[in-house]
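Written out below as structure tokens is the structure these notes cover.
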Amino acid sequence: MHGPTRTAAAGVVMALALTGAGAVVTVATAPAAAASVTGAQGWDVSGSFDTQQECVTAGDAGLADGSWAQYRCVLFEARWDLMTPA
């Protein structure tokens, strides 16, 4: 039972290490991912990408140019949605 949890946690930790700047990278579960269709409350979908790295790169670019102070990359239907504060 702990194997998948540890694997998911390790993936999130690795993703956080790649993003730097304190950005949040989230791998959503199926129920949480459904919220990305219309955006989770307080968050907008600012882009959709084929890979997590493309999403993180776009999120980091938005941090660098001041478009947003934080972001999330959420896996939804085999795409990575870039979520930014509404």
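Because only heavy atoms are used, hydrogens play no part in the values below, and waters and symmetry mates are left out as well, while side chains stay in.
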Please report the closest heavy-atom contact between [X] and [Y], naming both atoms and the distance.
{"X": "C73", "Y": "V56", "result": "SG-N, 3.6 Å"}
{"X": "W43", "Y": "Y71", "result": "CZ3-CA, 4.0 Å"}
{"X": "F49", "Y": "A58", "result": "CZ-CB, 3.4 Å"}

Are the side chain of W80 and the backbone of G47 linked by a donor-acceptor contact shorter than 3.5 Å?
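No, the answer is negative, given that no donor and acceptor are paired below the 3.5 Å cut-off.
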
Return yes if a side-chain donor-acceptor contact under 3.5 Å exists between S48 and D81, otherwise no.
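Distance-only check passes for S48 and D81.
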
Under 3.5 Å side-chain donor-acceptor pair for S67 and D65
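Their side chains do contain a donor-acceptor pair, which is all the 3.5 Å distance test asks for.
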
In Å, rounded to the nearest 0.5 Å, how long is the span from [atom1] of [X] to [atom2] of [Y]?
{"X": "E54", "Y": "L82", "atom1": "CD", "atom2": "CG", "answer": "11.5 Å"}
{"X": "M83", "Y": "F76", "atom1": "CE", "atom2": "CZ", "answer": "10.0 Å"}
{"X": "D60", "Y": "Q53", "atom1": "CG", "atom2": "CD", "answer": "8.0 Å"}

